[in-house]
Structures are given as structure tokens and as C-alpha cells.
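One structure is given below, encoded as C-alpha cells.
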Amino acid sequence: MSETRIIDASDPAAQNKVVLDVVALLAAGEVVALPTETVYGLGADALNPEAVAKVFAAKERPAFDPLIVHVGSFEQVDEVAEVPEELKEVVAKLMKAHWPGPLTLVLPKKDCVPDIVTSGLPTVAVRMSAHPIMKAVVRGLGHPVAAPSANRFGRISPTSASAVEKELSGRIPAIVDGGACREGLESTIIRPEAGEKRPVLHMLRSGPVTKEMLQRFGKVERPKRNRSNEAPEAPGQLDSHYAPVTPLRLLRKPEDFKPEAGKKYGLLSYCGSEKTGFINAYEWDHVEELSPGNGKLAEAAVRFFFVLRLLDESGVDEIIAEPVSETGLGVAIMDKLRRASSRK
Ligand code: TXA
Ligand code: MG
């Protein structure tokens with residue numbers, strides 16, 4: 001692949017033209033990196049298997065890991081998914097409350113969705129992005145857009161166009177620069193199922209739509225963690241995901257840190273708080289704070305992948321991560337920290 005074009009979409013007046021250009025590329029079977037409110041996605045026409053194959057190739061993504069399909073309207077869900085009668089009410093309520101937004105629904109798929117998109121699963125993951133560019137592109141194309149996060153497989157998700165460039169430059173024809181992502185963490189993924197009294201919402205990936213926010217729609221269940229690493233229900237949710245190149249270790253308390261002589265250590269601090277002790281536990285070679293303004297979890301979520309990337313590029317030998325409070329958005333952050341640290 002030759003050069004990757006960066007398409008600047010910061011000027012609202014130019015956005016129509018940008019959307020037209022991107023739609024033309026996608027309609028021609030190309031892939032384009034696009035901003036969404038969560039993270040940047042690598043988009044392709046979801047109904048064109050050759051185009052979708054280019055997404056897998058650019059990301060070096062294994063074929064067993066299915067893609068999320070982005071729709072442009074509630075009605076478009078029915079083009080790709082067969083919502084069972086008994087789930088129609090809860091699905092409608094979830095869409096009304098959280099779409100467009102960072103919630104992905106896993107539903108039985110229709111035949112028009114190529115197997116490569118769903119990795120042969122009988123279900124399809126669907127979401128409607130709130131980002132104006134992604135929304136306009138899906139509408140302009142007239143087909144749903146398959147878009148996984150625009151990083152190489154297993155690596156840190158990109159929350160800016162420059163992060164996408166570092167991951168995929170030279171592998172894809174274009175990246176749309178729509179600025180930094182508002183949410184910073186990937187969408188929450190749930191699989192709704194009919195229950196005896198209330199629907200059951202299987203939470204396959206934690207994200208910006210938290211368990212607390214979903215409880216009014218049904219019983220929220222976290223699938224048992226799959227220890228064997230074989231065929232987890234969300235196949236992309238393997239251990240050793242979201243990993244920086246630099247080894248990362250999540251520690252519970254400062255006393256657990258035993259530095260080795262001659263090694264450089266970076267600290268991924270939650271609020272830079274002296275109370276938890278990590279910040280003063282060592283002469284860190286590099287420190288990044290998730291929530292320097294003390295917006296706490298919301299701020300930490302937006303900055304998470306950005307900060308992880310800074311630490312990865314800082315030249316330290318190991319990143320030490322301190323825990324964040326495991327409530328609300330903190331559940332998704334801790335999940336990602338555990339996966340990032342499980343590889344070593
Ligand atoms: O916020 C997001 O969801 C971003 C933006 C770009 O929309 N996309 C994203 O895609 O995070 P990706 O490919 O990085 O993660 C998709 C996850 C994977 O863990 C995959 O296994 C799961 O969705 N998934 C896709 N289809 C599925 C299905 N039919 N059943 C269960 N899990 C599925
Ligand atoms: Mg991803």
C-alpha cells in the first residue's frame with residue numbers, strides 16, 4: 001500500500017465534501033479510518049466482503065474476531081438483524097435511550113451480512129455512532145459500515161487521527177481527522193436475551209454505558225471469565241488485549257512494587273494522588289495521570305488510551321499502573337488494564 005492521505009475534517013464548512021469523498025472511497029470497496037465518539041474506527045462497506053477483508057488485512061486481525069456494524073438509523077437495524085419478537089420491546093427501549101451512542105447490541109443476523117463480518121457467527125453486533133461524520137458517512141453510503149477500532153490487532157485503540165496514523169499509516173488509503181474522541185473508550189457490548197421476568201442483558205464488553213445505566217432495562221449479567229482463552233462470547237475479548245508494546249503491570253498497592261536495578265519505570269497514575277502512595281513510592285522516569293484535572297473516572301476514560309500511548313512511547317522498560325475505583329466507567333478501565341497486563 002502506498003501513502004495514507006489525512007483528510008482534515010475540522011472545518012465544519014468542509015465536512016460535506018469530506019463525507020462525499022469518504023462515501024466514494026467506501027462505495028469503491030476501499031477502507032477509511034473514521035472518527036466516532038468512542039475511538040477511531042476502520043470502516044468498510046459491511047455488505048461488501050472484499051472490502052471487509054481489507055479491514056482484517058490492514059489490522060492483521062484474526063478471522064475469528066467479528067466486526068461491529070454501524071447503522072445510520074433505527075430502521076437500518078432491520079436490514080442486518082432479525083430482532084426476535086420477545087426482544088423487540090427491550091431493544092427499542094435501549095436504542096431510544098442510548099442511540100446514537102456508545103452501546104452495541106448483539107442480535108441474530110440476516111443473510112445479507114457476509115460471514116466475514118460476523119466471523120461465521122449467527123449474530124451481528126450493531127451500533128449507531130453519535131459522531132456527525134460517521135453518521136453522515138453511513139447515511140451517504142446507504143449501506144451499514146463495518147468498523148473495528150483502527151489499531152493493529154491487540155494494540156492500543158486510537159482516540160485521535162495521529163494515533164491511527166501510528167497504527168495504520170501506509171496500510172490504508174485515508175484517515176479522516178475529526179479531532180479527539182469524546183468518550184475515549186470503546187462502546188459497551190450487550191447481548192439481550194428474553195428472561196423469565198425481565199430481559200437478561202449479557203454484558204460482553206464494559207464501556208461508557210455502565211451496568212448501573214443498563215439495570216433499568218433488565219438483569220445485567222457479566223459472562224464468566226473464560227480462563228482457557230478459547231472462544232469467549234465476544235471473540236475479540238481475549239486476554240492480552242489493548243496492550244502497549246512496553247510491558248505493563250497493574251499493581252494493587254505501592255508496596256507491591258519492587259524495582260529492579262537499572263530498569264526505567266513509568267507510572268500510570270489515576271489522579272496523581274499522594275494518598276494512594278504510588279506517586280511517591282519511587283523516582284519514576286515518567287509519570288502520566290489519567291485524571292489530572294480530577295474529573296476522576298469520566299476524565300480518566302477519555303484520556304485512557306491517549307495516556308497509555310504516551311507512556312508506551314516514553315522509552316521506559318515497564319509501565320506500572322495503579323488501580324482506579326472499580327465503579328461506573330472504572331469497570332471498563334480496570335478491565336482494559338487487566339487485559340493489558342495479563343500478557344506478561
Ligand atoms: O466503540 C466501538 O465499538 C468501536 C467504534 C469504532 O465503533 N469499535 C470497536 O470495534 O471497538 P472492535 O472491533 O475493536 O471491537 C468489537 C468487539 C470485539 O470484541 C468483537 O469480538 C465483538 O465486538 N463482536 C463483534 N461481533 C460480535 C458478535 N456477533 N457477537 C459477540 N461479539 C461480537
Ligand atoms: Mg478493538
Side-chain angles (χ1 to χ4, degrees), residues 31-44 46 52 55-56 58-71 80-82 98-110 113-131 133-135 137-138 144-159 163-164 167-168 175-176 178 181-193 202-209 223 226 231-243 301-302 304-305 332 335-336 339-340:
V31 299
V32 180
L34 294 163
T36 84
E37 75 279 39
T38 57
V39 301
Y40 273 69
L42 182 59
V52 174
V55 171
F56 279 87
K59 280 185 56 103
E60 296 172 45
R61 185 179 177 108
F64 63 75
D65 191 6
L67 308 184
I68 291 176
V69 168
H70 297 70
V71 293
V80 292
E82 195 79 68
H98 290 290
W99 280 17
L103 179 69
T104 297
L105 301 172
V106 173
L107 298 165
K109 86 172 191 83
K110 281 201 170 150
V113 182
D115 280 337
I116 184 170
V117 173
T118 63
S119 303
L121 291 174
T123 51
V124 60
V126 198
R127 101 170 176 95
M128 183 172 169
S129 169
H131 197 287
I133 293 174
M134 185 59 153
K135 229 169 22 181
V137 165
V138 180
V145 171
S149 50
N151 50 280
R152 275 172 284 154
F153 183 70
R155 299 281 319 273
I156 303 172
S157 299
T159 52
V164 179
E167 290 288 322
L168 298 176
I175 300 168
V176 176
C181 300
R182 192 178 70 199
E183 302 278 356
L185 298 179
E186 299 97 334
S187 63
T188 303
I189 305 180
I190 57 171
R191 182 172 62 80
E193 190 183 48
H202 298 277
M203 198 155 170
L204 307 186
R205 178 171 75 184
S206 46
V209 177
N226 184 303
E233 191 177 342
Q237 295 301 96
L238 297 169
D239 284 348
S240 88
H241 222 84
Y242 311 105
V302 174
F304 180 72
F305 286 127
D335 180 56
K336 286 170 207 305
R339 287 174 202 282

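In each ligand, atom 1 is the first atom listed, and ligand 1 is the first ligand listed. Note that these values count all heavy atoms, side chains included, but never hydrogens, waters or copies made by symmetry.
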Can you tell which part of [X] has a heavy atom less than 4.0 Å from ligand 1: side chain, backbone, both or neither?
{"X": "Val106", "result": "side chain"}
{"X": "Arg205", "result": "side chain"}
{"X": "Arg61", "result": "side chain"}

Looking at [X], which atoms of ligand 1 are within less than 4.0 Å of one of its heavy atoms?
{"X": "Thr38", "value": "1 (O), 2 (C), 4 (C), 5 (C)"}
{"X": "Leu121", "value": "28 (C), 29 (N), 30 (N)"}
{"X": "Ser149", "value": "8 (N), 9 (C), 10 (O), 12 (P), 13 (O), 14 (O)"}
{"X": "Thr123", "value": "28 (C), 29 (N), 30 (N)"}
{"X": "Ser187", "value": "1 (O), 2 (C), 3 (O)"}
{"X": "Ile189", "value": "17 (C), 22 (C), 23 (O)"}
{"X": "Gly41", "value": "6 (C)"}

Min heavy-atom dist [X] to ligand 1 below 4.0 Å:
{"X": "Thr118", "answer": "no"}
{"X": "His70", "answer": "yes"}
{"X": "Arg127", "answer": "yes"}

Answer yes or no: is there a donor N or O on one side and an acceptor on the other, between the side chain of [X] and the main chain of [Y], under 3.5 Å?
{"X": "Tyr40", "Y": "Cys181", "result": "no"}
{"X": "His202", "Y": "Arg191", "result": "no"}
{"X": "Arg61", "Y": "Pro66", "result": "yes"}
{"X": "Arg152", "Y": "Leu168", "result": "no"}

Practice item. Go through the side-chain N and O atoms of Ser149 and Glu186 and say whether any donor and acceptor fall under 3.5 Å apart. Key: no
Exercise for review: Would you kindly say whether Thr104 and Ser187 are connected by a side-chain donor-acceptor distance under 3.5 Å?
Suggested key: yes
**Study point:** Nitrogen or oxygen atoms of Thr104 and ligand 1 under 3.5 Å apart
**Key:** no
Check your understanding: So is there a nitrogen or oxygen of Asp65 less than 3.5 Å from a nitrogen or oxygen in ligand 1?
Key -> yes
Review point. Pick one: which of Val126, Leu121, Asp115 meets side chain to side chain contact (heavy atoms under 4.5 Å, CB included) with Lys109?
Key: Asp115
Exercise for review: Could you pull out, from Gly101, Ala125, Ala147, Pro66, the option with a heavy atom nearest to atom 8 (N) of ligand 1?
Suggested key: Ala147
Practice item. State the OG1-CG distance between Thr123 and Leu204, to the nearest 0.5 angstrom. Key: 9.0 Å
**Study point:** Check: Leu105 and Ile190 side chains under 4.5 Å, non-hydrogen atoms
**Key:** yes
Practice item. Evaluate the side-chain proximity of Pro208 to Thr188: yes if any heavy-atom separation is below 4.5 Å, no if none is. Key: yes
Review point. Out of His70, Glu183, His131, Arg127, which one pairs with Thr36 under the side-chain hydrogen bond (donor to acceptor under 3.5 Å, both in side chains) rule?
Key: Arg127
Review point. Does any N, O or S atom in Ser149 come within less than 2.8 Å of the Mg ion (ligand 2)?
Key: yes
